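Here is the structure we will look at.
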Amino acid sequence: MNINVPRGTEDLLPEQTKRWQVIENTFKRLAEVYHYQEIRTPIFERTELFQRGVGDSTDIVQKEMYTFEDRGGRNLTLRPEGTASVARAYVQHKLHGKVDQPSKLYYIGPMFRYERPQQGRTRQFTQFGIEAIGSADPAIDAEVIAFAMDSYQALGLKSLKLVLNSLGDKESREAHRQALVNHFTPYKNELCGDCQNRLEQNPLRLLDCKVDRDHPSMKNAPSILEYLNDYSSNYFEEVKKHLDAMEIKYTVDETLVRGLDYYTHTAFEIMSESEGFGAITTLSGGGRYNGLIQDLGGPEMSGIGFALSIERLLMALDAEKVELEQPKELDCFVITLGDEAKYASSKLVNTLRKNNLKIDQDYLGKKMKAQFKAADRYNAKFVVILGEEEVQSGVVNVKNIETGEEQSVEFDDVARLIKERV
RNA sequence: GCGGCCGUGGCGAAGUGGUUAACGCACUGGAUUGUGGCUCCAGCACGCGUGGGUUCGAUUCCCACCGGUCGCCCCA
């Protein structure tokens, strides 16, 4: 019987969750700083939502969705990304009618994609993301990008690369699409199978094909930037000016197209430039989606967002050898000697905890030496030794593990003493 | 969906077609009845992913399966 975790999923044991908590708290703090509020949507949705929202031509919808039928015959899918769900909630609850606009939302939680696992890619992974819906001001594009960069910088990461592009509005995209079809059709038979399909379904994605990257036709392929109409190209310029104003460095890459169909105008990715980071260097991505809300039955509302993977963030932290600062595990470990002392110990431990101190004691009947070792391992600041003598006298020694200093106090004063020193 | 590599105690890891499967860490006990982190001694795999095959004999060779891992495509 194999009861291990399913392929592509993992348990996070305390050693790891400690780091996760630091990261999550950082994000929540940033969300307050940038004034984004949390939204929680279901982990599964109707399959149509992702087909419409993410796009039928995307890899996600074509081959990566965890789709199932429930007992009522409903066709459901574990969410592969967060934006479609947030947009759906925005439409469903008519957030566009609320006073606070734009709606600035953040989410954090598991996403699911059925893929072959490898480093930096699991079937269940965790995204933190934000969405700002209801504004078409280039300044908010820049805000989202700044937030994305801050998410890494606030944790101490440095080797980051911001890549930027514009995909233009509908009109620009259509013009570019036509140009791409005209350009690539003569070479159709020389391109890879995927690209032959892309030529019909989504020619834009030909540009980031890794197989045909070196095909001669790629070199002089029409760039989206040449097809931006006035509004689009002006919008892109404005976004860049805001980034310049914030002194955020970026590289424009006209081949950056992103894998999801809903993107318009601003598209960006943040990559790690650390040595030995592995094959996957994309840490996060995002962009503007001006047609999405309408596609999902809402009013004409534009939005922009980004999402990052916490798993990849952790890889980046490891690659850059960033140590997250973590709180001390225990303020005091109570060493108990002999059966008689155990009641006094329970009482003392309880009292200390009521004083909001982090306390633990031995439950394995270990010898003193082993109890000291446990205290070391838990990184406790103090130990209290409690044996028959102490029970008799009502006085215990409180020992500072680092300095070795000891101080004798009555039971009732232990909490106060430790609180003063922690 | 396709390809490479790997599968030995709680963890890391060596090794061999044949009689006791190194070593390190961790853990437990002792040297040392109540003050640890150092040192020394001792203990700790009836077993080398599962099943089948070759063989007098397999953890070691072969096959299949399972699991892990890395990479391709694509992405977070």
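Numbered from 1 within each chain, the chains take letters A, B, ... in sequence-line order. These numbers come from a predicted model, not from an experiment.
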Could you summarise the pairing of RNA chain B as dot-bracket text, marking Watson-Crick and G-U pairs under 3.5 Å with ( ) or [ ] inside the strand and | across strands? (((((((..(((.....[....))).(((((.......))))).....(((((..]....))))))))))))....
Side-chain donor/acceptor pairs under 3.5 Å, residues 329-344 of chain A, sequence neighbours excluded:
from      : atom 1 : to        : atom 2 : distance (Å)
Asp331(A) : OD2    : Lys358(A) : N      : 2.8
Thr336(A) : OG1    : Ser345(A) : OG     : 3.2

P gap between G7(B) and G15(B), integer Å: 11 Å
Within-4.5 Å side-chain heavy-atom neighbours: Ile270(A) and Leu308(A): no
Could you tell me the separation between the CD atom of Gln371(A) and the C1' atom of U32(B), rounded to a whole number of Å? 17 Å
With C1' as the reference atom in both, quote the distance from G9(B) to U54(B) in angstrom, rounded to an integer. 30 Å
Taking only N and O in the side chain of Lys367(A), is any of them less than 4.0 Å away from OP1 or OP2 of G30(B)? yes
Take atom C1' in C56(B) and the same atom in U19(B), then report the distance between them in whole Å. 14 Å
Can you measure Leu13(A) atom CG to G10(B) atom C1' for me and round it to whole angstrom units? 13 Å
Can you tell me, in whole Å, how much space there is between the C1' of U20(B) and that of U59(B)? 16 Å
Test side chain to side chain donor-acceptor pair (under 3.5 Å) applied to Tyr106(A) and Glu32(A), step by step: CA-CA 10 Å; Tyr106(A) 82 86; Glu32(A) 286 175 20; over 6 Å; no
Phe372(A) CZ to C38(B) P, straight-line distance once rounded to whole Å: 14 Å
How would you list, by chain and number, every residue that makes a side chain to side chain donor-acceptor pair (under 3.5 Å) with Thr251(A), sequence neighbours excluded? none
Only pairs at least two apart or in different chains count here, so list each side-chain hydrogen bond (donor to acceptor under 3.5 Å, both in side chains) that has a residue in residues 123-139 of chain A. Thr83(A)-Glu131(A), Thr126(A)-Glu311(A), Glu131(A)-Tyr289(A)
When rounded to whole Å, the CE to P distance for the pair Met368(A) and U33(B) reads 11 Å
Going by the glycosidic torsion and a 90 degree boundary from 0, is the base of G30(B) oriented syn or anti? anti
Counting primed atoms, P, OP1 and OP2 as sugar-phosphate and everything else as base, the B/S/- map of nucleotides 69-76 of chain B against protein heavy atoms under 4.0 Å is BSBBBBBB
Quick one: list whatever passes side-chain contact (heavy atoms from CB on, under 4.5 Å) with Arg46(A), sequence neighbours left out. Glu48(A)
With a 4.0 Å heavy-atom cut-off, tell me which residues in residues 387-402 of chain A come close to RNA chain B, sorted by residue number. Gly387(A), Glu388(A), Glu389(A), Glu390(A), Asn397(A), Lys399(A), Ile401(A)
In whole angstrom, what separates Gln407(A)'s CD from U35(B)'s C1'? 17 Å
With Asp56(A), which residues qualify under side chain to side chain donor-acceptor pair (under 3.5 Å), at least two apart? none
Looking at Arg377(A), does any N or O in its side chain come under 4.0 Å of the phosphate oxygens OP1/OP2 on C25(B)? no
Distance, rounded to the nearest Å, where Lys366(A) contributes NZ and A26(B) contributes P: 14 Å
Where does the angle between the aromatic ring planes of Phe44(A) and Phe68(A) fall among parallel (under 30°), tilted (30 to 60°) and perpendicular (over 60°)? perpendicular
Strictly by side-chain hydrogen bond (donor to acceptor under 3.5 Å, both in side chains), give each pair with a member in residues 147-170 of chain A just once, sequence neighbours left out. Tyr34(A)-Asp150(A), Tyr152(A)-Ser284(A), Asp169(A)-Ser172(A), Asp169(A)-Asn229(A), Asp169(A)-Ser232(A)
Test of understanding: with ring pair (Phe, Tyr, Trp, His ring centres under 6.0 Å), list the residues that count as partners of Phe50(A), not counting sequence neighbours. none
Using atom P in both nucleotides, what's the gap between C62(B) and G17(B) to the nearest angstrom? 13 Å
Sort and list the pairs that fulfil salt bridge (Lys or Arg N to Asp or Glu O under 4.0 Å) and have at least one residue in residues 301-310 of chain A, not counting sequence neighbours. none
Grab the CG-C1' distance between Asp362(A) and U28(B) for me, whole Å please. 14 Å
Cation-pi, Phe236(A) ring and Lys240(A) (6.0 angstrom, 45 degrees): yes
With rounding to the closest Å, how many angstrom separate the P atoms on U28(B) and G34(B)? 15 Å
Pairwise C1' distance for C6(B) and A13(B), with rounding to whole Å: 14 Å
Expressed in angstrom and rounded to an integer, what is the separation of Lys373(A) atom NZ from U39(B) atom P? 10 Å
How far does the C1' atom of G49(B) sit from the matching atom of G24(B), given to the nearest Å? 24 Å
Glu410(A): what forms a side-chain contact (heavy atoms from CB on, under 4.5 Å) with it, not counting sequence neighbours? Val395(A), Asp413(A)
